[in-house]
Amino acid sequence: MPESTEMIRVEKLNKSFGDLHVLKDIDMTVRESDVVVLVGASGSGKSTLLRCLNFLEMKNSGTITIESEQIEKETHNLNKVREKVGMVFQHFNLFPHKTVLGNVIEAPIQVKGLSRNQAEEEGKELLDKVGLGDKYDVYPSTLSGGQKQRVAIARALAMKPDVMLFDEPTSALDPELVGEVLTTMKELAVEGMTMVVVTHEMGFAREVGDWVVYMHDGKIVETGRPSELFDHPKEERTKAFLSSIL
Ligand code: ADP
Ligand code: MG
């Protein structure tokens, strides 16, 4: 069987904020339809890595290759790259003065130049898909956190990205709302979406993850299949981390 397509390849990625060296020689590959779950303590660099992959932060050195193209800010239109790599944040950042559907159609119309009709048709389909088929016309303030996050997922999907990055998408939610968002993400994964997910939900990592990447202090300590990494971690660091959270 041929190896599946590489969607993201990161080599020797380094990122500092002033004197603070946050990402240290990160190497990582994400193949088509992979779900890669990034775990690690707070401050280990997970968000910074995702933000570098989406060019919200600019690396200091190393290479980031998206779908076979090495992306550099000098030579690439980063907005075009971001269309391929969608992102969902912990805080959903919905436009409060737009309806749910308005939030979802904004970028397809403004950025991709879709007609309103076309954007609405696709947006409704996405909202149906994330279980919000009865919420097109309401404002975000009337929604639960879980519903808002599902709108944010639909909004990211509306750009038809090839890869989706999730940065702790359930961390801001009341516990009873976490499941509905994880279910939506799992459905996406089952459909074959390529995903990189930062989460503390180890059940999700185990069940949905193809790979788990454990980061500590700006480095990747260990990468493995969920069952290997959780049940038979190789590195002492990983063992210590797992015993601190499980
Ligand atoms: P994680 O998501 O794993 O909690 P982050 O990537 O958010 O970790 O942060 C890694 C380190 O980088 C932390 O020490 C954090 O304080 C620092 N950091 C993150 N963003 C910035 C920034 N914009 N400016 C300065 N320091 C930052
Ligand atoms: Mg973070």
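Indexing begins at 1, ligand by ligand and atom by atom, following the structure's order.
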Asker: Regarding atom 5 (P) of ligand 1: of the candidates D167, V39, T48, L38, which has the closest heavy atom?
Answerer: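 Comparing heavy atoms across D167, V39, T48, L38, the nearest one to atom 5 (P) of ligand 1 lies in T48.
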Asker: Decide, counting backbone as well as side-chain atoms, whether S47 has an N, O or S atom less than 2.8 Å from the Mg ion (ligand 2).
Answerer: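 Yes, within the cut-off.
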Asker: Taking atom NZ of K186 as the centre, report whether more than 12 heavy atoms of other residues, nucleotides or ligands fall under 6.0 Å from it.
Answerer: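 At most 12 heavy atoms, drawn from other residues, nucleotides or ligands, come within 6.0 Å of this atom.
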Asker: For S42, counting its heavy atoms only, list the atoms of ligand 1 lying under 4.0 Å from any of them.
Answerer: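 Every atom of ligand 1 under 4.0 Å from some heavy atom of S42: 4 (O).
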Asker: In terms of residue, atom name and distance, what is the protein heavy atom nearest to atom 7 (O) of ligand 1?
Answerer: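 Ranked first by proximity to atom 7 (O) of ligand 1 is S47 CB, 3.7 Å.
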Asker: So, do M28 and T223 sit near enough that their side-chain heavy atoms are less than 4.5 Å apart?
Answerer: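 The answer is no, as the side chains (C-beta and beyond) never meet within the 4.5 Å cut-off.
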Asker: Tell me, please: is G40 in heavy-atom contact with ligand 1, that is, under 4.0 Å?
Answerer: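 The answer is no: ligand 1 sits nowhere under 4.0 Å from a heavy atom of G40.
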Asker: Give the residue and atom name of whichever protein heavy atom lies nearest to atom 14 (O) of ligand 1, and the separation in Å to one decimal.
Answerer: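 Its nearest protein heavy-atom neighbour is L20 CD2, 3.6 Å.
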Asker: Note the single closest protein heavy atom to atom 1 (P) of ligand 1, along with its residue, its atom name and the distance in Å.
Answerer: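 Answer, as residue, atom name and distance: G43 N, 3.5 Å.
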Asker: Could you tell me whether E106 and R155 have a side-chain N and a carboxylate O separated by less than 4.0 Å?
Answerer: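 No.
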Asker: Look at the side chain of E120 and the backbone N and O of I105, then say whether any donor-acceptor pair between them is shorter than 3.5 Å.
Answerer: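 Judged by distance alone, no pair lies under 3.5 Å.
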Asker: Measure the shortest side-chain to side-chain distance between L188 and K129 over non-hydrogen atoms and say whether it is less than 4.5 angstrom.
Answerer: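 Answer yes - side chains close enough.
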Asker: For ligand 1, find out whether one of its N or O atoms is nearer than 3.5 Å to an N or O atom of V22.
Answerer: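 Between V22 and ligand 1 (N or O atoms, distance only) the closest approach is not under 3.5 Å.
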Asker: Quick one: do the Q70 and T65 side chains pair a donor with an acceptor below 3.5 Å?
Answerer: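 There is no such pair between these side chains.
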Asker: Checking a contact table here: which protein heavy atom is nearest atom 23 (N) of ligand 1, and how many Å away?
Answerer: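 Looking only at protein heavy atoms, the one closest to atom 23 (N) of ligand 1 is F17 CE2, 3.5 Å.
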Asker: Classify the side-chain pair Y139/N103 by whether it contains a donor and acceptor separated by less than 3.5 Å.
Answerer: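 Per modelled atom types, Y139 and N103 side chains form no pair under 3.5 Å.
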Asker: If you scan the protein for heavy atoms around atom 16 (O) of ligand 1, do you find one that is closer than 4.0 Å?
Answerer: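 No, no protein heavy atom sits under 4.0 Å from atom 16 (O) of ligand 1.
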Asker: Please write down residue, atom name and distance for the protein heavy atom closest to atom 8 (O) of ligand 1.
Answerer: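 Result for atom 8 (O) of ligand 1: G45 N, 3.2 Å.
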Asker: For A41, is the nearest heavy atom under 4.0 Å from an atom of ligand 1?
Answerer: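 The answer is yes: ligand 1 sits under 4.0 Å from a heavy atom of A41.
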Asker: When you measure from the side chain of K46 to the backbone of G40, do you find a donor-acceptor pair of N or O atoms at a distance under 3.5 Å?
Answerer: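 A pair under 3.5 Å: yes.
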